[in-house]
Amino acid sequence: MPTEPPTPPAELPPDVVDALSDSSPDILRRVATYAEERAEYREREDRIAEGDKEENVEERPDDLPNDVPAKATITIKRINDNRYYYWQWREGDKVRSKYKGPVTPET
């Protein structure tokens, strides 16, 4: 167990560092979970937006349902501490999703 507090990344704004420094372990863990989910969301949005820019769409994957466009990407959603795969794609200003299946842990 560390005896000194960790050094925050230089890129973090001072007000964020101060807020985290004053937070309980429970809040810090919740912030870490939220930050990870938020990063996944932003990355997914970037992938979907990038897919909209591409004119050439790759071949449809074999497991892609007929009602899901070929430009869809697979993302993971966490629901009640369980993780599930979803197909996601953009239709205009909206992001659409279709359930694919549970994420099975590697054994």
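In this text, all values refer to a predicted model and were calculated from it rather than measured experimentally.
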field: same_hphob_cluster(Ile74, Tyr84) at 4.5 Å side-chain heavy-atom cutoff
entry: no
query: Cut-off 3.5 Å, side chains only: do Ser97 and Gln88 have a donor facing an acceptor?
result: yes
field: Tyr41 atom OH, over 12 foreign heavy atoms within 6.0 Å
entry: no
Contacts of Asp15 that satisfy side-chain contact (heavy atoms from CB on, under 4.5 Å) - sequence neighbours left out: Pro13
- prompt: If you look at every heavy atom in Ala72 and Trp87, which pair is closest and at what distance?
  reply: CB-CE3, 4.1 Å
- prompt: Looking only at heavy atoms, which two atoms of Val17 and Leu12 are closest? And how far apart?
  reply: CG2-CB, 3.8 Å
field: Any donor-acceptor pair under 3.5 Å from Lys77 side chain to Tyr99 backbone
entry: no
- request: For Thr33, check side-chain contact (heavy atoms from CB on, under 4.5 Å) against everything at least two apart and list the hits.
  value: Glu37
- request: Considering non-hydrogen atoms only, spot the tightest contact between Ile76 and Glu40 and give its length.
  value: O-OE1, 3.9 Å
field: Closest non-hydrogen atom pair, Lys98 against Asp67
entry: NZ-OD2, 3.0 Å
query: Between Asp26 and Arg30, is there a side-chain N and carboxylate O pair less than 4.0 Å apart?
result: yes
field: side chain to side chain donor-acceptor pair (under 3.5 Å) partner of Thr75, chosen from Arg44, Glu45, Lys100
entry: Arg44
